[in-house]
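Note that the numbering runs from 1 along the sequence shown for the chain. In this text, all values refer to a predicted model and were calculated from it rather than measured experimentally. Counting starts at 1 for both ligands and their atoms, following the listed order.
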Amino acid sequence: MSGAPYDVARVRADFPILATQVRGKRLAFLDTAASSQRPLAVLEAVDHYERTSHANVHRGVYQLSQKATDAFEGARERVRRFLNASSTREIIFTRGTTESINLVAQSWGRRLGPGDEILITWMEHHANIVPWQMLCERSGATLKVAPITLRGELDLEAFEALISPRTKLVACTQIANALGTVLPLERMIAAAKRVGALTLVDGAQAVSHQRVDLRALDCDFYAFSSHKLYGPTGLGVLYARESVLREMPPWQGGGDMILTVSFTRTTYAELPYRFEAGTPHIAGAVGLAAAMDYLDGLGLERVQQHEQALLARATRALRAIPGLRIIGEAAHKAGVISFVLENVHPHDLGTILDDEGVAIRTGHHCAMPVMEFFDVPATARASFGCYSDDADVDQLAAALGRAREVFG
Ligand code: PMP
């Protein structure tokens with residue numbers, strides 16, 4: 001499709017679930033930030049794998065096992081290429097962003113002790129807070145949190161002031177899931193490097209919305225989930241710089257991660273297998289590779305432009321609704337818009353919108369510190385993907401108008 005104008009109707013036709021009706025109304029699916037839908041290409045790739053190639057990987061010499069291994073390792077190479085990582089040794093399959101971050105906290109984190117610091121930001125998802133809190137409890141290290149502003153942007157000066165030679169890791173999101181803020185990663189990573197700290201980027205909300213080039217970004221760890229990238233659930237990726245990974249102890253023990261096992265001594269497998277104990281989500285990896293092909297076919301830059309246009313349209317429409325307050329008005333935002341409506345609890349709002357066929361997320365978005373900062377119990381959040389269109393935004397605005405009528 002590259003070259004031609006972005007044809008969202010054609011993109012929508014690739015996603016069978018979007019034809020769903022909700023109580024006789026058109027579905028406006030605006031919860032892509034929680035989990036994206038899958039295109040036919042992904043459903044078919046998984047189905048084809050299951051019908052023709054499934055067996056366990058890395059074990060059998062028989063043909064089917066080799067086919068499955070080729071499919072799985074082919075997916076690893078596809079991920080490497082998608083992220084522009086240097087080597088497949090740096091690509092570890094996990095269950096998702098959450099597990100990827102826990103892997104780093106539990107393996108790399110073992111070297112930390114009292115006096116060491118981990119620096120995160122106030123707008124992290126719980127997945128990039130709690131593993132570090134647990135690590136600090138175990139190790140005696142200290143968790144520092146860089147503040148944000150009322151617009152929902154990182155206070156960069158305060159962030160830089162918190163960095164010191166005690167900082168061993170800066171862990172931050174690329175795009176904040178509850179606010180849509182795009183973080184100034186280049187400056188943050190440069191600041192971390194100046195004191196010799198490692199950097200972990202939570203790419204869960206970014207990797208399917210903008211081109212990610214890990215060699216340009218130059219972080220040490222990068223985590224994301226397949227299900228937010230139009231791929232299957234239950235699968236994620238941890239990228240880790242090879243030189244860092246080599247120094248990390250294995251975390252989960254079991255099959256596939258060893259070279260030899262005896263009761264006197266066990267030796268571990270090469271990278272990346274040392275970090276992949278047990279049978280992996282093979283069909284999931286095949287689906288993720290297909291999702292990456294699909295997105296590259298659309299052209300990530302064009303998808304990003306399309307989502308930015310939807311964000312502008314939605315921001316305009318929502319600002320015109322009396323009593324509506326947008327939470328998170330950073331200058332640089334992705335296709336996520338969080339808001340509260342005067343006198344209406346976000347959960348009630350979610351229910352009314354559902355009656356109108358509009359699927360949005362309501363709650364704390366696994367970012368309770370953000371809710372606390374903005375002094376709201378929860379927000380409603382609409383988020384866009386490659387298949388979102390103007391009609392979705394207009395349906396949202398009309399449904400919000402109805403909600404205002406109901407709650408006066
Ligand atoms: N980080 C961010 C920024 C997220 O948006 C999410 C998912 N909402 C996660 C981490 C956790 O992802 P998962 O549940 O797929 O592990």
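- Within ligand 1, the atoms closer than 4.0 Å to a non-hydrogen atom of Thr173 are 3 (C), numbered from 1 in the order shown.
- Scanning all protein heavy atoms for the shortest distance to atom 16 (O) of ligand 1 gives Thr98 OG1, 2.6 Å.
- The only option from Ile120, Leu185, Leu119 that meets the side chain to side chain contact (heavy atoms under 4.5 Å, CB included) definition with Cys172 turns out to be Leu185.
- At the shortest separation from atom 7 (C) of ligand 1 among protein heavy atoms lies Lys228 NZ, 2.6 Å.
- Between Glu99 and ligand 1, a contact under 3.5 Å exists for no N or O pair.
- Near Gln205, the atoms of ligand 1 lying under 4.0 angstrom from a non-hydrogen atom of the residue are 3 (C), 4 (C), 5 (O).
- Across the listed options Asp202, Val336, Asn177, Asp202 owns the non-hydrogen atom lying nearest to atom 2 (C) of ligand 1.
- Contact annotation: Arg95 has no heavy atom less than 4.0 Å from any atom of ligand 1.
- Nearest protein neighbour of atom 4 (C) of ligand 1, counting heavy atoms only, is His125 CD2, 3.4 Å.
- The cationic group of Arg211 lies under 6.0 Å from the six-membered ring centre of Phe82 and within 45° of the ring axis, placing it in a cation-pi geometry.
- Ring-plane geometry between Phe93 and Phe72 is classed as tilted, the angle between the planes lying from 30 to 60 degrees on a 0 to 90 degree scale.
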**Request:** Could you walk me through whether Ser383 and Thr32 pass the side-chain hydrogen bond (donor to acceptor under 3.5 Å, both in side chains) test, one step at a time?
**Result:** CA-CA 6 Å; Ser383 55; Thr32 292; 5.2 Å; no

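- Relative ring orientation between Tyr387 and Phe29 is described as tilted, the plane-to-plane angle lying within the 30° to 60° band.
- With 3.5 Å as the limit, one finds a donor-acceptor pair spanning the side chains of Glu124 and Thr121.
- For ligand 1, the atoms sitting less than 4.0 Å from at least one non-hydrogen atom of Ser225 are 12 (O), 13 (P), 15 (O), 16 (O), numbered in the order shown with element in parentheses.
- We find that Asp220 and Arg241 are joined by a salt bridge, their nearest charged nitrogen and carboxylate oxygen being less than 4.0 Å apart.
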